[in-house]
Novice: 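First, the structure itself, so that you have it in front of you.
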Amino acid sequence: MITLGHFLALSAVLFAIGLFGVLTRRNLIAVLMSVEILLNAAALAFASVAAYKDPVFFAGQLFALFIIVVAAAELSIGFAILLLVFRHAGSVATDVVEEMRG
Amino acid sequence: MSAVGFAILAGLVLAGALVVVLSENVVHAAVALAFTFFFIAGLYLMLGSPMLAVIQFAVNAAAIPILTIFIIMTTQSRRVRPASGALYLIAVVLAGAFLYGLWGLLGAPQTAFRPVSPEGLGARLLSVTLLPFEVASVLLLLAMVGAIVLARRLEK
């Protein structure tokens with residue numbers, strides 16, 4: 001039988017893969033795609049906990065819905081900023097936006 | 001829910017995610033992202049949550065990869081330079097530490113899942129979380145207007 005632990009383990013591994021991508025990617029588009037994986041891993045964990053543990057209120061599933069909404073908003077704004085970076089620097093490599101780093 | 005189906009879907013999700021974070025061609029990564037989200041929608045279906053599966057399919061598996069591929073074509077950045085070995089090492093160590101810290105929490109008791117009906121979810125969405133629902137719609141409107149304002153060309 002598939003238990004809640006299986007789903008949580010899958011979402012934890014998925015989150016670790018996305019974290020790896022955010023840390024290693026050198027292209028802003030690829031970084032944003034890795035962030036999408038992170039958000040989906042969290043949504044999967046919320047939804048599976050709701051399906052197994054919360055048969056009345058479905059709070060986790062509502063959280064997953066709002067995560068999808070916020071991810072869509074974040075991605076559209078992120079891509080708009082990325083277009084500005086591309087027009088400003090002619091590239092979307094992460095090296096071109098390191099002027100503000102400490 | 002069959003264990004074989006879960007294993008196949010989980011394997012496909014993880015393989016797709018690995019292609020997304022490792023492929024040197026960003027277009028391949030975007031297509032793999034679409035497949036990853038598609039298989040996550042399949043997992044939601046197995047979990048008895050058809051509403052979430054449909055939304056995952058429409059928004060994450062269809063709209064977001066298409067937007068991503070548009071941006072890749074606009075910025076002409078198909079290839080990415082691979083990161084340095086030290087960065088890979090740091091990322092693997094951090095991701096491994098994250099997994100190790102989380103693994104102790106996964107010993108969940110053996111209970112069966114309950115299907116979540118779309119009617120119930122919709123009723124909850126429009127009663128208990130009505131205010132967050134409205135705030136989310138305003139957030140989407142703001143994101144749309146903000147993206148247009150940010151990305152338009154300034155007339156000189």
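Chain A is the first sequence line, chain B the second, and so forth, proteins listed ahead of strands; every chain is numbered from 1.
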Novice: Report the option among Leu121(B), Leu67(B), Leu142(B) that has the most heavy-atom pairs separated by less than 4.5 Å from atoms of chain A.
Specialist: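 Among Leu121(B), Leu67(B), Leu142(B), the one with the most close pairs to chain A is Leu121(B).
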Novice: Go through the steps for Leu43(B) and Leu10(A) under the test side-chain contact (heavy atoms from CB on, under 4.5 Å), then give the verdict.
Specialist: CA-CA 11 Å; Leu43(B) 280 175; Leu10(A) 174 66; 3.3 Å; yes
Novice: For chain B, which candidate among Val13(A), Ile17(A), Leu19(A) shows the most heavy-atom pairs at distances under 4.5 Å?
Specialist: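 The answer is Ile17(A).
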Novice: Between Tyr88(B) and Phe20(A), does a ring-ring contact (aromatic ring centres under 6.0 Å, His included) hold up when you go through it step by step?
Specialist: CA-CA 8 Å; Tyr88(B) 271 118; Phe20(A) 174 83; 5.5 Å; yes
Novice: Who among Gly78(A), Ser48(A), Ser34(A) has the most heavy-atom pairs with chain B under 4.5 Å?
Specialist: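 Of the options given, most contacts go to Ser48(A).
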Novice: Return the option, out of Pro132(B), Pro115(B), Ala63(B), Gly96(B), with the maximum number of heavy-atom pairs under 4.5 Å with chain A.
Specialist: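 Option with the top pair count is Pro132(B).
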Novice: Find the one option among Arg87(A), Glu36(A), Arg25(A), Gln61(A) whose heavy-atom pairs under 4.5 Å with chain B are most numerous.
Specialist: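 With the most close heavy-atom pairs to chain B, the winner is Arg25(A).
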Novice: What part of Leu84(A) lies closer than 4.5 angstrom to a heavy atom of chain B: side chain, backbone, both or neither?
Specialist: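 For Leu84(A), the side chain is the part near chain B, not the backbone.
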Novice: Which value, rounded to the nearest 0.5 Å, describes the distance between Leu87(B) atom CG and Arg26(A) atom CZ?
Specialist: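 That separation rounds to 6.5 Å.
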Novice: Taking atom CZ of Phe133(B) and atom CG of Leu62(A), what is their separation to the nearest 0.5 Å?
Specialist: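 If we round to the nearest 0.5 Å, Phe133(B):CZ and Leu62(A):CG are 11.0 Å apart.
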Novice: For the atom pair CG (Asn40(A)) and CD1 (Ile40(B)), what is the distance rounded to the nearest 0.5 Å?
Specialist: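 Spacing of CG (Asn40(A)) from CD1 (Ile40(B)) equals 4.5 Å.
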Novice: Can you tell if the side chain of Val21(B) reaches within under 4.5 Å of the side chain of Thr24(A), non-hydrogen atoms only?
Specialist: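 No - every pair of side-chain heavy atoms lies 4.5 Å or more apart.
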Novice: Given the rule in the ring-ring contact (aromatic ring centres under 6.0 Å, His included) test, do Phe7(A) and Phe6(B) qualify, once you have shown the distances and angles that lead to the verdict?
Specialist: CA-CA 9 Å; Phe7(A) 275 98; Phe6(B) 177 82; 4.9 Å; yes
Novice: Checking heavy atoms, do the side chain of Leu33(B), its backbone, both or neither come under 4.5 Å from chain A?
Specialist: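 For Leu33(B), the contact with chain A is made by the side chain alone.
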Novice: Side chains of Ile64(B) and Met33(A): closer than 4.5 Å at any heavy-atom pair?
Specialist: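 Contact flag for Ile64(B)/Met33(A) side chains = no.
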Novice: Would you compute the distance between atom CG of Leu52(B) and atom CZ of Phe58(A) and round it to the nearest 0.5 angstrom?
Specialist: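 Going from the CG atom of Leu52(B) to the CZ atom of Phe58(A) covers 12.0 Å.
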Novice: At a heavy-atom distance under 4.5 Å, which candidate from Leu125(B), Leu139(B), Ile148(B), Val59(B) has the highest pair count against chain A?
Specialist: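 Max contact count across the listed options: Leu125(B).
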Novice: Nearest 0.5 angstrom please: Leu65(A) CG to Arg124(B) CZ, how far?
Specialist: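 Reported value, rounded in 0.5 Å steps: 14.0 Å.
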Novice: Is there side-chain contact between Leu47(B) and Tyr52(A), with at least one heavy-atom pair below 4.5 Å?
Specialist: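 Yes, close enough: below the 4.5 Å cut-off.
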Novice: Sort Leu82(A) into side chain, backbone, both or neither according to what part of it lies under 4.5 angstrom from a heavy atom of chain B.
Specialist: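 Only the side chain of Leu82(A) comes within 4.5 Å of chain B.
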Novice: Side chain from CB out, backbone as N, CA, C, O: work out which of these in Leu18(B) comes under 4.5 Å of a heavy atom of chain A, or both, or neither.
Specialist: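 Both parts, backbone and side chain.
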Novice: In terms of hydrophobic clustering (I, L, V, M, F, W, Y; side-chain heavy atoms under 4.5 Å; direct or indirect links), are Ile66(B) and Phe39(B) co-clustered?
Specialist: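 The answer is no; the residues belong to distinct hydrophobic clusters.
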Novice: Of the backbone (N, CA, C, O) and the side chain (C-beta and beyond), which part of Glu74(A) lies under 4.5 Å from a heavy atom of chain B, both, or neither?
Specialist: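 The answer is neither part of Glu74(A).
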Novice: Which pair of heavy atoms, one from Ala151(B) and one from Ala80(A), lies closest together, and at what distance?
Specialist: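 Closest pair (atom of Ala151(B), atom of Ala80(A), distance): CB-CB, 4.3 Å.
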Novice: Say you draw a straight line from CD1 of Ile2(A) to CZ of Phe113(B); how long is it, rounded to the nearest 0.5 Å?
Specialist: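 If we round to the nearest 0.5 Å, Ile2(A):CD1 and Phe113(B):CZ are 10.0 Å apart.
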Novice: Taking side chain as everything from C-beta outward and backbone as N, CA, C, O, which of these in Leu83(A) sits under 4.5 Å from a heavy atom of chain B? Side chain, backbone, both or neither.
Specialist: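 Leu83(A) touches chain B through side-chain heavy atoms alone.
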Novice: Output the option from Ala7(B), Ala143(B), Gly146(B) having the highest count of non-hydrogen pairs under 4.5 Å with chain A.
Specialist: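 Ranked by heavy-atom pairs under 4.5 Å with chain A, first place is Ala143(B).
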Novice: Closest heavy-atom contact between Phe86(A) and Thr74(B)?
Specialist: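 Looks like CE2-O, 3.9 Å.
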Novice: Answer yes or no: is there a donor N or O on one side and an acceptor on the other, between the side chain of Arg114(B) and the main chain of Lys53(A), under 3.5 Å?
Specialist: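 No, because the side chain of Arg114(B) does not come within donor-acceptor range (under 3.5 Å) of the backbone of Lys53(A).
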Novice: Could you look at Val13(B) and say if it's the side chain, the backbone, both or neither that has a heavy atom under 4.5 Å from chain A?
Specialist: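 Both parts, heavy atoms under 4.5 Å.
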Novice: Please determine whether residues Ile29(A) and Met73(B) belong to a single hydrophobic cluster, defined as Ile, Leu, Val, Met, Phe, Trp and Tyr linked transitively by side-chain heavy-atom distances below 4.5 Å.
Specialist: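 They do share one cluster, since a chain of ILVMFWY contacts under 4.5 Å joins Ile29(A) to Met73(B).
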Novice: Return the minimal non-hydrogen interatomic distance between Ala17(B) and Leu14(A), and the atom names on each side.
Specialist: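 In terms of heavy atoms, the two residues are closest at CB-CD1, 3.6 Å.
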Novice: Would you say Tyr44(B) and Leu44(A) make side-chain contact, with heavy atoms under 4.5 Å?
Specialist: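 They are in contact (side-chain heavy atoms under 4.5 Å apart), so the answer is yes.
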Novice: Group every Ile, Leu, Val, Met, Phe, Trp and Tyr by side-chain heavy-atom contacts under 4.5 Å, then state whether Val19(B) and Ile72(B) land in the same group.
Specialist: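 Cluster IDs for Val19(B) and Ile72(B) differ.
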Novice: In the single-linkage hydrophobic clustering (I, L, V, M, F, W, Y; side-chain heavy atoms under 4.5 Å), do Val70(A) and Leu150(B) co-cluster?
Specialist: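 Cluster IDs for Val70(A) and Leu150(B) differ.
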Novice: Check each atom of Val22(A) against the heavy atoms of chain B and say whether the ones under 4.5 Å are side chain, backbone, both or neither.
Specialist: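 Val22(A) has no heavy atom closer than 4.5 Å to chain B.
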Novice: Same hydrophobic cluster for Ile37(A) and Val31(B), using side-chain heavy-atom links shorter than 4.5 Å among ILVMFWY?
Specialist: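 Cluster IDs for Ile37(A) and Val31(B) match.
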Novice: If I measure from the heavy atoms of chain B, does Ala59(A) come under 4.5 Å with its side chain, its backbone, both, or neither?
Specialist: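 No part of Ala59(A) comes within 4.5 Å of chain B.
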Novice: Under a 4.5 Å heavy-atom cut-off, does chain A meet the side chain of Phe70(B), its backbone, both or neither?
Specialist: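 Phe70(B) has no heavy atom closer than 4.5 Å to chain A.
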